[in-house]
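Here the structure comes first, spelled out in structure tokens, and everything after it is commentary.
By convention here, the first residue in the shown sequence is residue 1.
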Amino acid sequence: MTTKLYVVYLILLFTSILGGIILWDYINQLQTQSFQVFPYVFYKACLFIPTGIVLSLPVFNHNRMKAGNWTFNYIRFIILGVLSLFFMFYPFIHFSFISLPTFIAVPIFNTSTYPIFSIIFGFAILSNFDKK
């Protein structure tokens, strides 16, 4: 990548992280004012997916330059994407379908884990495309 692309990439990355943090604080304020937890938990879970997509752009750009046909790595998507999607929406699943043991569920309910799982899911969306 050239220097200009690195600068654009860093600006996109900084903007997505900063925008996510600002929206996270705004959603926390709305959540405490309205006392409605579940719509805002969903918004928090999806908030940092664009950051994961931005983090996977260099991998996607590198694969785009290769010659060959596009393939999708299903195994890696199931391991990374579906598992992180499960943990990202675990508060909804916990109260409706199944529940994990308490020593696993408590760290997932902690609000600081939402960005980690949503960044992993966003990264898994775009990085699983490959040319062979």
Please check if the side chain of Asn128 supplies one atom and the backbone of Ala124 the other of a donor-acceptor pair under 3.5 Å. yes
Less than 4.5 Å apart, side chain to side chain, heavy atoms only: is that true for Thr51 and Phe123? no
Rounded to the nearest 0.5 Å, what separation is found between the CG atom of Leu85 and the CG atom of Leu80? 12.0 Å
Report yes or no: does Thr71 contribute a side-chain atom to a donor-acceptor pair with the main-chain N or O of Asp130 at less than 3.5 Å? yes
If you define the side chain from C-beta out and look only at heavy atoms, does anything of Ile79 sit under 4.5 Å from Tyr74? no
Less than 4.5 Å apart, side chain to side chain, heavy atoms only: is that true for Phe89 and Cys46? yes
Rounded to the nearest 0.5 angstrom, the CG-CD distance for Asp25 and Gln29 is 7.0 Å
Hydrophobic cluster membership, Ile120 vs Phe87, 4.5 Å side-chain cutoff: no
Output the distance between atom OG (Ser16) and atom CD1 (Ile11), rounded to the nearest 0.5 Å. 12.0 Å
Which pair of non-hydrogen atoms, one from Gly122 and one from Ser56, has the smallest distance, and what is that distance? O-OG, 4.1 Å
Note: Lys131 and Arg64 closest approach over all heavy atoms is NZ-O, 3.3 Å
Please check if the number of heavy atoms outside Lys4 that lie under 6.0 Å from its NZ is greater than 12. no
Consider only side-chain heavy atoms of I, L, V, M, F, W and Y, link residues closer than 4.5 Å, and tell whether Ile119 and Ile116 are in one cluster. no
Might you confirm whether atom OH of Tyr43 has over 12 heavy atoms from other residues, nucleotides or ligands at distances under 6.0 Å? no
What distance do Asn28 atom CG and Trp24 atom CH2 have between them, rounded to the nearest 0.5 Å? 6.5 Å
How would you list, by chain and number, every residue that makes a side-chain contact (heavy atoms from CB on, under 4.5 Å) with Thr32, sequence neighbours excluded? none
Apply side-chain contact (heavy atoms from CB on, under 4.5 Å) to Leu18 and list each qualifying residue two or more places apart in sequence or on a separate chain. Phe14, Ile22
Heavy-atom nearest pair, Phe48 first then Pro115, reads CD1-CB, 3.6 Å
Going from OG on Ser84 to CD1 on Ile49, what distance comes out if it is rounded to the nearest 0.5 angstrom? 8.5 Å
How far does CZ of Phe60 sit from CE of Met65, to the nearest 0.5 angstrom? 10.5 Å
Begin from the C-alpha positions of Tyr9 and Leu55 and carry the test side chain to side chain contact (heavy atoms under 4.5 Å, CB included) through to its verdict. CA-CA 9 Å; Tyr9 173 71; Leu55 283 173; 3.7 Å; yes
Looking only at non-hydrogen atoms, find the nearest pair between Ser118 and Ala45 and report the distance. CB-O, 3.1 Å
Contacts of Phe129 meeting ring pair (Phe, Tyr, Trp, His ring centres under 6.0 Å) (sequence neighbours excluded), chain-then-number -> Phe72
